[in-house]
Every structure is written in structure tokens, then in C-alpha cells.
Amino acid sequence: MAHVVQALDQPSNYKDSQARVDRSKQNELLSRSTTLYIGNLSFYTTEEQIYELFTKCASPEDGGGIKRIIMGLDRNTRTPCGFCFVEYYTHAEALASMRYVSGTKLDERIIRCDLDLGYKEGRQFGRGKSGGQVRDEHRQDYDPGRGGWGAQAQRLEIERRREVEERYADATEGPGAVAGGGEDWKETEVPGEVTHKRGRSPEDEGDNTRLGHRSRIDDIEAERM
């Protein structure tokens with residue numbers, strides 16, 4: 001009779017794209033694997049939190065336990081990017097984690113566990129163009145636990161801002177430029193431009209005439225003395 005519910009400790013159909021083994025060889029390796037791939041982690045989840053959760057499936061009394069944890073890192077920044085590898089000493093412990101830990105929450109995120117062929121140096125780095133995981137490269141939703149928007153969306157936003165800044169710089173430089181925000185208005189002299197000065201008004205002439213008349217009166221009074 002076929003199983004109605006799929007066993008929780010069975011590996012998925014995931015296959016490492018860089019693994020040079022066929023499907024039959026992969027199944028053989030997974031049947032005795034002690035390594036788990038953990039996905040959908042928050043970028044802020046620490047190695048200590050992972051150890052505390054996965055040690056619940058360890059069996060130190062049977063010679064088991066967690067051998068090591070390898071945090072997945074952004075290839076460029078060397079910061080966590082949402083996955084890790086957990087190595088146990090026994091295959092039974094790895095199966096127990098798939099049965100009891102996969103699908104549970106860690107840092108308010110549902111994490112997934114899968115049997116892995118075994119960690120090799122270099123697999124701790126993300127394979128996306130931006131250095132992180134490929135799944136975050138094309139993600140269109142906003143996920144605060146995984147760096148906000150996807151890497152591609154972030155690049156588009158950076159390019160849009162750069163274009164706006166360039167247009168703004170062009171509008172605030174050169175002849176006829178407008179004043180920048182928060183700055184004082186300044187008049188700039190443009191070569192060949194004729195500047196107009198305000199003409200003298202009759203009131204200005206009247207003031208000068210009165211001043212000249214007052215000066216002659218003072219001279220006459222001085223001669224009399």
C-alpha cells in the first residue's frame with residue numbers, strides 16, 4: 001500500500017548543480033549523509049541560535065552530536081546570506097533534524113532542511129551575481145530578514161537614483177542654472193551678457209542740487225566772516 005503522507009525524513013529532489021555525480025550515486029551518498037543544508041534563514045540568525053536548535057536532535061550518548069556548522073556567506077561582503085550547513089556525527093541525527101526541525105520557525109522564519117552530499121570548501125559562498133544566494137538575486141518582494149528588496153531590484157533603484165542625481169547636477173551647473181535647495185541665490189556674470197543698471201531718478205538729481213546749493217551758502221558766509 002502506498003504511503004498517503006510523504007515521509008518527513010526523505011531528501012528532496014534538490015541536486016547541487018556543481019556536484020559531478022549522477023542521480024543513483026547521489027541517492028547512495030544521501031543514504032549515509034550526515035550533513036544538512038539549511039535554507040530560508042534570516043541574515044541576522046547567529047551560529048549560536050542554529051546550534052541551540054539543531055542540538056535538540058543530537059544524540060551524544062550514542063557518540064553523536066554536532067560536528068560543525070558552516071555559515072553561508074555573501075561572496076563579496078563576507079556577511080551571512082541566509083543559509084548554512086550543519087554536520088552531525090551520525091546519519092540518524094541528520095534524519096531526525098529533517099523530521100522534527102525542518103518546517104519549524106527560527107527567528108520568525110520557516111526554515112527548511114535537506115540532506116546534503118557533504119560540505120566542500122567554497123560552498124559557503126553565495127552564487128548570485130551580487131554575491132548572495134541566487135534566490136535573492138531575482139526576488140521582487142520586500143523581505144526585511146533577507147536584506148530588503150532583491151539584489152536586482154536594488155540595482156535598478158540605485159541606477160534610478162544616479163540618473164536623478166545626474167539630471168539635478170546638470171540643472172544646477174552652467175549658464176542659466178537654478179539655485180540649489182537650501183542655498184542663497186547668486187548672480188553669475190555670463191560672458192557677452194549686457195547688464196543693465198538702474199537709471200538716476202529725479203529725486204536723486206534733487207538731492208544733489210540741494211547739496212550743491214547748501215555748499216555755496218556756506219562759502220558765502222565764510223567770506224563775510
Side-chain angles (χ1 to χ4, degrees), residues 11-21 26 29-30 33-58 65-89 91 93-166:
S12 70
N13 291 325
Y14 167 78
K15 182 177 184 296
D16 182 9
S17 60
Q18 295 185 355
R20 300 294 185 264
V21 295
Q26 174 180 317
L29 294 174
L30 292 179
S33 173
T34 61
T35 304
L36 290 174
Y37 172 89
I38 316 301
N40 200 38
L41 291 173
S42 166
F43 288 2
Y44 307 102
T45 298
T46 64
E47 184 175 338
E48 289 75 15
Q49 289 175 283
I50 296 170
Y51 182 87
E52 182 180 0
L53 176 61
F54 283 88
T55 196
K56 298 180 184 299
C57 295
I66 293 179
K67 183 177 181 180
R68 62 174 175 169
I69 296 174
I70 301 98
M71 298 296 293
L73 302 176
D74 185 290
R75 188 174 62 254
N76 300 325
T77 63
R78 297 300 195 266
T79 56
C81 63
F83 72 98
C84 75
F85 297 93
V86 176
E87 286 189 1
Y88 285 101
Y89 282 100
H91 178 65
E93 293 171 306
L95 293 181
S97 289
M98 290 183 60
R99 185 180 297 118
Y100 301 117
V101 178
S102 185
T104 62
K105 281 190 174 183
L106 178 60
D107 262 356
E108 300 303 318
R109 300 183 66 84
I110 297 177
I111 62 174
R112 64 179 185 277
C113 309
D114 208 349
L115 284 177
D116 190 80
L117 297 178
Y119 171 77
K120 292 182 179 180
E121 186 62 32
R123 292 190 63 198
Q124 73 270 36
F125 300 121
R127 298 174 182 174
K129 292 181 179 180
S130 300
Q133 287 192 273
V134 175
R135 60 167 295 199
D136 289 315
E137 190 71 27
H138 305 285
R139 182 168 48 79
Q140 297 298 318
D141 62 322
Y142 183 85
D143 190 338
R146 296 183 71 88
W149 298 105
Q152 191 175 63
Q154 290 184 24
R155 286 198 298 270
L156 292 175
E157 177 63 18
I158 292 173
E159 292 176 1
R160 186 190 67 81
R161 292 184 179 181
R162 185 182 297 114
E163 291 177 358
V164 171
E165 291 174 355
E166 289 176 354

Mind checking what makes side-chain hydrogen bond (donor to acceptor under 3.5 Å, both in side chains) contact with Glu87, not counting sequence neighbours?
-> Arg68
Without swapping roles, check the side chain of Glu165 against the backbone of Glu163 for a donor-acceptor pair under 3.5 Å.
-> no
About how many Å separate CD1 of Ile66 and CD of Glu93, when rounded to the nearest 0.5 Å?
-> 8.0 Å
Would you call Phe54 and Ile38 a side-chain contact if the rule is heavy atoms closer than 4.5 Å?
-> yes
Ring pair (Phe, Tyr, Trp, His ring centres under 6.0 Å) involving Tyr119 - partner list, sequence neighbours excluded = Phe85
How close do Leu115 and Ala94 get, heavy atom to heavy atom, and via which atoms?
-> CD2-CB, 3.9 Å
Between the CG atom in Asn76 and the SG atom in Cys81, the distance rounded to the nearest 0.5 Å is 10.5 Å
Which pair of non-hydrogen atoms, one from Thr45 and one from Met71, has the smallest distance, and what is that distance?
-> O-CE, 3.7 Å
Any chance OH of Tyr100 has more than 12 other-residue heavy atoms, nucleotides or ligands included, within less than 6.0 Å?
-> no
From Ile111 atom CD1 to Ser42 atom OG, the distance as rounded to the nearest 0.5 Å = 11.5 Å
Could you state the interatomic distance from CZ (Arg135) to CZ (Arg146), rounded to the nearest 0.5 Å?
-> 4.0 Å
Arg99: what forms a salt bridge (charged side-chain N to carboxylate O under 4.0 Å, His left out) with it, not counting sequence neighbours?
-> Asp9
With Thr55 via side-chain hydrogen bond (donor to acceptor under 3.5 Å, both in side chains) - residues at least two apart | none
Could you tell me which non-hydrogen atom of Ile50 sits nearest to which non-hydrogen atom of Cys84, and how far apart they are?
-> CD1-SG, 3.7 Å
Nearest heavy-atom pair of Leu36 and Asp116: which atoms, and what distance?
-> C-CB, 4.3 Å
Atom CZ in Phe43, atom CG in Asp143: separation rounded to 0.5 Å?
-> 8.0 Å
Going from CZ on Arg112 to CG on Leu41, what distance comes out if it is rounded to the nearest 0.5 angstrom?
-> 9.0 Å
Might you work through the side chain to side chain contact (heavy atoms under 4.5 Å, CB included) test for Leu30 and Leu117, ending with a clear yes or no?
-> CA-CA 6 Å; Leu30 292 179; Leu117 297 178; 3.7 Å; yes
How far apart are the closest heavy atoms of Gln133 and Phe83, and which atoms are they?
-> CD-CD2, 3.5 Å
Salt bridge (charged side-chain N to carboxylate O under 4.0 Å, His left out) involving Arg161 - partner list, sequence neighbours excluded | Glu157
With Ser102, which residues qualify under side-chain hydrogen bond (donor to acceptor under 3.5 Å, both in side chains), at least two apart?
-> none
Assess whether atom CD of Glu52 is packed by more than 12 heavy atoms of other residues, nucleotides or ligands within 6.0 Å.
-> no
Heavy atoms only: give me the nearest Tyr44-Pro144 pair and the separation to one decimal.
-> CE1-O, 3.6 Å
Report yes if some heavy atom in the side chain of Thr34 is under 4.5 Å from a heavy atom in the side chain of Lys67; otherwise report no.
-> no
Answer yes or no for Arg78 and Phe125: cation-pi contact, defined as NZ/CZ to six-membered ring centre under 6.0 Å and angle to ring axis within 45°.
-> yes
